[in-house]
Number of protein chains: 2
Amino acid sequence: MTTPAPEGYDPHAYAPFAVTVDLAVFTVREARLHVLLVERGQEPFRGRWALPGGFLLPRESADDAARRELAEETGLGPGTVGALHLEQLRTYTGPDRDPRMRVVSVAYAALLPDLPEPRGGGDAASARWWDADAVGPLAFDHDTILADARDRIGAKLEYSCLATAFCPAEFTLGELQQVYETVWGVELDRPNFRRKVLSAPGFVQPVGGPPRRTGGRGKPAALYRAGDATALHPPLLRPPRTDASPSSSSSATEGHDR
Amino acid sequence: MTTPAPEGYDPHAYAPFAVTVDLAVFTVREARLHVLLVERGQEPFRGRWALPGGFLLPRESADDAARRELAEETGLGPGTVGALHLEQLRTYTGPDRDPRMRVVSVAYAALLPDLPEPRGGGDAASARWWDADAVGPLAFDHDTILADARDRIGAKLEYSCLATAFCPAEFTLGELQQVYETVWGVELDRPNFRRKVLSAPGFVQPVGGPPRRTGGRGKPAALYRAGDATALHPPLLRPPRTDASPSSSSSATEGHDR
DNA sequence: CTTCTTAATAGTCACTCTGACTATAAAGGG
DNA sequence: CCCTTTATAGTCAGAGTGACTATTAAGAAG
């Protein structure tokens, strides 16, 4: 918008586009990063798996559409969906990304705690969690979107409090560390991780009283809740890669991202 | 795209959108951050200033459209435009952001060195640089886009080699420091800045031989070229704000950004 | 041709943060 | 009762940082 076309303004002089949202919905489950995919029921890419998503309604923003689609695909209530972390990633506009028509897609990343079995109602009968390292080729350019989403999530863990979005309301520092280790694909030193998390103001706050986690072996851990900070000071930097590691390949035209 | 609508797939069942790119083109001039704006020649917002931009052509990606518009607005040759830094920021999709029709806009940020007088041909007769702190209310939601762009640029200076995009091919460390100080709105210690820049591998590389900058007073400075690194290790962190400073207000649905 | 001013560059020092460790505490399993 | 497991506490050397001081090399002022 903004600038009229050279020949003057006429909306109908421009080809119409379809606009959609695509969602990269992540969770950490059994120390693996998982992503929610849906199986396509028709051409193109019938039978292939894809990121959930859908068209914008006529008077709907992309953020609203993303939350609506997320609620539909996961079966979570609007209240739950309204609370979780949803972040616009990037918009994909390649003219041939959908063979049927011109479609631009606004991609979002969403982070969920490990829910019992989130898939439910909605229009995606065949939605399921996949290990993010074991997804075959996806429909459209969704491999690219997924790789970009993983890059972004990993980068944001460094300087934001995003990691708590993968955890339930109350969690131990061990669980939080597991999130970092899973997303980054590295092992972290436990005492050092603890020191950094506790020294970052507003990252986590201890749950009052003497509550401690039961169930596992080993000494019970103290429980924490997400703090009120959104940025992380000082940042929790990812250790430099020492050798070749299973790093998802980036793809976008623009390089580094964060 | 991706998931068909509940009632099955029919492209024409969905309202068509116009898709545009909007450009926040920055340069540093006389120790002030400047942004390129165009004056609108027709309604809506006739006479108001706006970010340059325009519609996507039928078979054009948003990246291509952004480069094309940039070349048109600045009058720079395609070769020059192809080389400079252009980065997708975020997509704005509010249903009422253009009163005429439904328009979603993919926003880009571009960084230029201080060129003699870049505005030239193209369809924007009345394009000019504005001090980024002195822009009145812009057309559409461009105030929001501009504020988001400034936030993003400032954040990226910390951990990327982006700052050299504001400098000519050869520059002194003083000029590079000026970029940081201008974008962040702070003063930096010169010896410390120098130490950090030179210790970051691949950020800058000295120009061979004994060339030194002439013209100003004071001891001549050594010249450097942008290095081949794209990320900055270790990062050059912005000093924490000590008090109220002229910080551009953010606006996006999502908070912190980097 | 001094002397002043300006800016670049070199170097110092205390403080903080970090990574790599070691040690201790508190649970369950045999 | 010992062994394993996990959480938590603490130590220590090295890197990085902010705040300085000192020196060098140019143009400008007198």
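We name chains A, B, ... by the order of the sequence lines, and we start the count at 1 in each one.
- Annotation: salt bridge (charged side-chain N to carboxylate O under 4.0 Å, His left out) contacts of B:Glu170 (sequence neighbours excluded): B:Arg225.
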Produce the list of close N/O pairs, under 3.5 Å, pairing protein atoms with atoms of nucleotides 23-30 of chain D; give distances to one decimal.
none

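- A search for side-chain contact (heavy atoms from CB on, under 4.5 Å) contacts involving A:Ala134 returns A:Asp131, not counting sequence neighbours.
- By the side-chain contact (heavy atoms from CB on, under 4.5 Å) test, B:Pro239 pairs with B:Trp184, B:Val186, B:Leu188, sequence neighbours left out.
- Residues that satisfy the side-chain contact (heavy atoms from CB on, under 4.5 Å) test with A:Ala163, not counting sequence neighbours, are A:Leu157, A:Leu176, A:Val179, A:Tyr180.
- Non-hydrogen atoms lying under 4.0 Å from DNA chain C are contributed by nothing in residues 165-179 of chain A.
- When the side-chain contact (heavy atoms from CB on, under 4.5 Å) test is applied to A:Ala200, the partners found at least two apart in sequence or on another chain are A:Phe203, A:Leu232.
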Atom pairs, N/O to N/O, protein against nucleotides 17-19 of chain D, distance under 3.5 Å?
from: D:dG18; atom 1: OP2; to: B:Lys196; atom 2: NZ; distance (Å): 2.6
from: D:dG18; atom 1: N7; to: B:Arg195; atom 2: NH2; distance (Å): 3.3
from: D:dG18; atom 1: O6; to: B:Arg195; atom 2: NH2; distance (Å): 2.9
from: D:dA19; atom 1: N7; to: B:Asn192; atom 2: ND2; distance (Å): 2.9
from: D:dA19; atom 1: N6; to: B:Asn192; atom 2: OD1; distance (Å): 3.2
from: D:dA19; atom 1: N6; to: B:Arg195; atom 2: NH2; distance (Å): 3.3

Indicate every side-chain donor-acceptor pair of residues 216-224 of chain B with a distance under 3.5 Å to a residue at least two apart or in another chain.
none

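- Contact of the B:Arg150 side chain with the B:Asp133 side chain is registered, since non-hydrogen atoms from C-beta on lie closer than 4.5 Å.
- Taking the side chain as every heavy atom from C-beta outward, A:Leu111 and A:Leu84 never approach each other to under 4.5 Å.
- Between A:Arg194 and the phosphate of D:dA9, there is a side-chain N or O to OP1/OP2 separation shorter than 4.0 Å.
- From the 5' end on, the contacts that DNA chain C makes with chain A at under 4.0 Å to a non-hydrogen atom open and close at C:dT18 to C:dA27.
- From B:Leu70, atom CG reaches atom CG of B:Leu86 across 6.5 Å, with rounding to the nearest 0.5 Å.
- The main-chain N or O of B:Ala50 is never found under 3.5 Å from a side-chain atom of B:His142 such that the two would form a donor-acceptor pair.
- The C1' atoms of five pairs define one axis at each end of the helix from C:dC1-D:dG30 to C:dG30-D:dC1, and these two axes lie 0° apart (to 10°).
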Verdict with supporting geometry, A:Leu146 and A:Phe26, side chain to side chain contact (heavy atoms under 4.5 Å, CB included): CA-CA 10 Å; A:Leu146 179 57; A:Phe26 293 108; 3.7 Å; yes

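- Looking only at side-chain heavy atoms (C-beta outward), B:Phe166 and B:Thr182 stay at 4.5 Å or farther from each other.
- Each salt bridge (charged side-chain N to carboxylate O under 4.0 Å, His left out) pair with one or both residues in residues 172-201 of chain B, not counting sequence neighbours, appears once here: B:Glu175-B:Arg213.
- Checked by atom type and distance alone, the side chain of B:Gln88 pairs as donor or acceptor with a backbone atom of A:Thr91 at under 3.5 Å.
- Remark: B:Leu36 CG to B:Trp130 CH2 distance equals 12.0 Å, nearest 0.5 Å.
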